[in-house]
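Everything numeric here is computed off the predicted structure, so don't read it as measured data. The basis for the numbers below is simple: all heavy atoms, side chains too, and nothing from hydrogens, waters or symmetry mates.
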Amino acid sequence: MIQLIVLLPLLAAAIAGLGNKALGKLPAKIITTGALFAACAMSWAIFIPFLLGHAQASVTPLFTWIESGSFDAQWALRVDTMTAVMLVVITSVSSLVHLYSWGYMDEEPDQPRFFAYLSLFTFAMLMLVTANNLLQMFFGWEGVGLASYLLIGFWFRKPSANAAAIKAFVVNRVGDLGFMMGIFGTYLVFNTISIPEILEMAPSMAGSTIGFLGHRFDTMTVLCLLLFVGAMGKSAQLGLHTWLPDAMEGPTPVSALIHAATMVTAGVFMVCRLSPMFETSQTALTVVTYVGAATCLFAATVGTVQTDIKRVIAYSTCSQLGYMFFAAGVGAYGAAMFHLFTHAFFKALLFLGAGSVIHAMHHEQDMRYYGGLRKSIPITFWTMTLGTLAITGVGLPIIGVGFAGFYSKDGILEAAYAAGGAGTGAFIVGVFAALLTSFYSWRLVFLTFFGKPRWTQSEHIQHALHDAHGHDDHGHDDHAAHAHNDHAHAAHGHDDHHAHDAGDGTGGYHPHESPLVMLVPLIVLSLGAVFAGFLFHDQFIGAEGGIEFWKGSLAFDSHLMHAAHEVPTWVKFAPFTVMLTGLFVAWLSYIKNTDWPQRFVATFTGLYTFLLNKWYFDELYNVLFVKPAFAIGRFFWKVGDVGFIDRFGPNGLAALVVQGNKITRRLQSGYLYTYALVMLIGLAAAATWAMTR
């Protein structure tokens, strides 16, 4: 069964990709989507026995991959509780994203290529989570990097999409360098890349030292920090996060897949998979805690000022990943995986819901041009509201009932407080980030679905109306063509639009709910956003149930989780209080007193500009790395390549031959007496040479 789960997406990707347009759109969609739903069904069949405590970890060897001396890399598929959890997350979200894409990408001519990339992405992530050794994990690690590059840059004729794809690829290569060095160092220390063997031997290496960068450091600290650099790149932690918001240039289903089930969850999974290694180095755990908390705070602050609906949700992902990492940093690996599990459902729901809004608003992504959409697209409104209730952690601490995020995020905060030390700082940061999360999440809902329609201000809607007035025979489904039909825009002035404006801000435009093929995934994911926390919290983070559930697949500290359940009452109420505070402030700012945001910006212009420019990380990196890299490249190009190699190499030799030919050409006069003179001079020179010898 595990072999089918992994290989079906690969087979589907190969058929759809190689068949491409010759195969046709519908067959490609049926093959890839059918393969993913089959893999999803089998994944749940594997997960449920682990959930009930009836299954044990197993390894399915496939073949010998590399064998050289003492180095032995077997290709084998490992299935334990962690793998079972990830299989459910990956295949469930991916299958629903495939189905959703039937509607969202309906106008796209290159659908076989798109669905092939989606399936390839899923296969790479499945290879990563089923890996039994570090090299096999690295194969999946690089596979998701490749697939993300292909999908982010799917619209390759769009310069911003190409730039975003390259940025994601380059930033991840920085993280992957650290991951590779961590793998090299781990093999050097343990003489194996087998994950079970490494984790078994890890405690025996505690306290030893290793030479690195000319100094001696604690062995496990060096290895764990190098591995964590890889996790920072894949999971977009502070410093290597800059690629994640730009990844929104890809189609919305891609954003949902990257942010919910693949790519960004790889780093969290890797740290939890190797948790026995990290447990041997308190220094490494402290670094993980601080980086996670800093990322959580950074992304939450930036998310409060974004106007692009997808970027708000993207920074939300970055922030939630910070929660997962500082949970792992304080030793609550079960809580980190639980939040990864619940986050997959409500984050996929929010992204696909945003795609439904964008679809209804003719590809307009700026929330400032939305408003009043709850009546036009009610199913999208209610599903996104459920997702917002989940991500903001709505629940009742007294009776312990709430949405998915209530169980998983609150569990992380309680564990951080119970851990003490660095966890105390992470708890404070996490509570403040929860306040900001509530604010920007409800801000998104209020700007999008409430208030008066602001559609007439959108150029996309203007173009749609102009196209509809001038080209009625085209219908209203061809969004891509309508949004960019400059001829229709030029032929029909604004008078056409205003003629249909009833003064209600709609301009005569009537958004329509998405087709059923897009709504079904939203409804299914809504069930996860509502019930995933309630149904599984005891198995994931219960002090007793967690030990039975995880079965040693990660380092589970039952004492910490017991302490987390016994924290003071005010700790339990802190997330609930800040959630209500964020909701209330968002309501005041975007429903009650809509001039407050403008007044805030006018009063705190510097802070607003700082946040709007994302703490100036891109500008800083541009100065520190991009410009120097281009300068070095230009130097080697102009001075090294053109000025030296070309000048004295091929160009220089060619010039020498040309100059030599000019000289010898003068000797070829065509007159007999000139040749006779040269012969006599040569004869005299030869005689002189002979006599002097």
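Salt bridge present: Arg311 and Asp246 bring a charged side-chain N and a carboxylate O closer than 4.0 Å.
Environment of CH2 in Trp65: crowded, with over 12 heavy atoms of neighbouring residues, nucleotides or ligands closer than 6.0 Å. More than 12 heavy-atom neighbours from other residues, nucleotides or ligands sit within 6.0 angstrom of OH on Tyr621. Applying the 6.0 Å contact sphere to CZ of Phe630 captures no more than 12 heavy atoms from other residues, nucleotides or ligands. Around atom CZ of Phe190, more than 12 heavy atoms belonging to other residues, nucleotides or ligands sit under 6.0 Å away.
Checked against a 6.0 Å centroid threshold, the rings of Tyr440 and Tyr315 do not count as neighbours. Separation of the Phe228 and Phe278 ring centroids does not fall under the 6.0 Å cut-off. For His343 and Tyr323, the distance between ring centers is not under 6.0 angstrom. Under the 6.0 Å cut-off for aromatic ring centres, Tyr608 and Phe604 do not qualify, their centroids lying 6.0 Å or more apart. The ring of Phe644 has its center closer than 6.0 angstrom to the ring center of Phe648. With ring centers used as reference points, Tyr187 lies under 6.0 Å from Phe71.
No hydrogens or angles considered: nothing links the side chains of Ser316 and His259 as a donor-acceptor pair under 3.5 Å. Side-chain N/O atoms of Thr317 and Lys347 include a donor and acceptor closer than 3.5 Å.
Taking CG of Asn172 as the reference point, atom CD of Glu142 lies at 8.5 Å (rounded to 0.5 Å). Met337 CE to Phe269 CZ: the interatomic distance, rounded to the nearest 0.5 Å, is 6.5 Å. Atom-to-atom distance recorded for Leu120:CG and Leu150:CG is 7.0 Å, nearest 0.5 angstrom. One finds the CG atom of Leu607 at 11.0 Å from the CG atom of Leu612 (value rounded to the nearest 0.5 Å). Between atom CG of residue Leu226 and atom OG1 of residue Thr186 there is a gap of 8.0 Å, rounded to the nearest 0.5 Å. His339 NE2 to Gln320 CD: the interatomic distance, rounded to the nearest 0.5 Å, is 4.0 Å.
Within the 3.5 Å criterion, the main-chain N or O of Gly233 finds a donor-acceptor partner in the side chain of Trp243. In this structure, Thr295 contributes its side chain and Gln237 its backbone to no donor-acceptor pair below 3.5 Å. A donor-acceptor contact shorter than 3.5 Å is absent between the side chain of Asp641 and the backbone of Phe636. Under the 3.5 Å distance criterion, the side-chain polar atoms of Gln365 are left unmatched by any main-chain donor or acceptor of Lys310. Looking only at distances, no side-chain donor or acceptor of Ser119 sits under 3.5 Å from a matching main-chain atom of Ala116. Counting only distance, with no hydrogens or angles, the side chain of Ser235 and the backbone of Met232 share no donor-acceptor pair below 3.5 Å. When atom types are taken as modelled, the side chain of Gln306 and the backbone of Asp308 share no donor-acceptor pair closer than 3.5 angstrom. At least one donor-acceptor pair under 3.5 Å links the side chain of Gln136 to the backbone N or O of Ala76. Panel note: side chain Ser275, backbone Ala555; a donor-acceptor pair is recorded below 3.5 Å. A distance-only check finds a donor-acceptor pair linking the side chain of Asp218 to the backbone of Thr221 [under 3.5 Å].
Considering only heavy atoms from C-beta on, Arg113 comes within 4.5 Å of Phe154 through its side chain. In this structure, Met277 and Met205 have side chains that are not in contact, with every pair of non-hydrogen atoms separated by 4.5 Å or more. Residues Phe121 and Ile258 are in side-chain contact: their nearest non-hydrogen atoms beyond the backbone lie under 4.5 Å apart. Side-chain contact between Arg78 and Thr130: absent, with no pair of heavy atoms (C-beta onward) separated by less than 4.5 Å. Contact of the Asp176 side chain with the Lys234 side chain is registered, since non-hydrogen atoms from C-beta on lie closer than 4.5 Å. At a threshold of 4.5 Å between non-hydrogen side-chain atoms, the residues Arg368 and Leu447 do not count as touching. In this structure the side chain of Leu128 never reaches within 4.5 angstrom of the side chain of Thr262, judged on heavy atoms. Considering only heavy atoms from C-beta on, Met137 comes within 4.5 Å of Phe179 through its side chain.
Taking the six-membered ring where tryptophan is involved, the planes of Phe63 and Trp75 are essentially parallel, since the angle between them stays under 30° and well short of 60°. Note on ring orientation: taking the six-membered ring where Trp is involved, the planes of Phe610 and Trp615 are parallel (angle under 30°, cut-offs 30° and 60°).
Of all non-hydrogen atoms in Gly423 and Val330, the two that sit nearest each other are CA-CG1, 3.6 Å.
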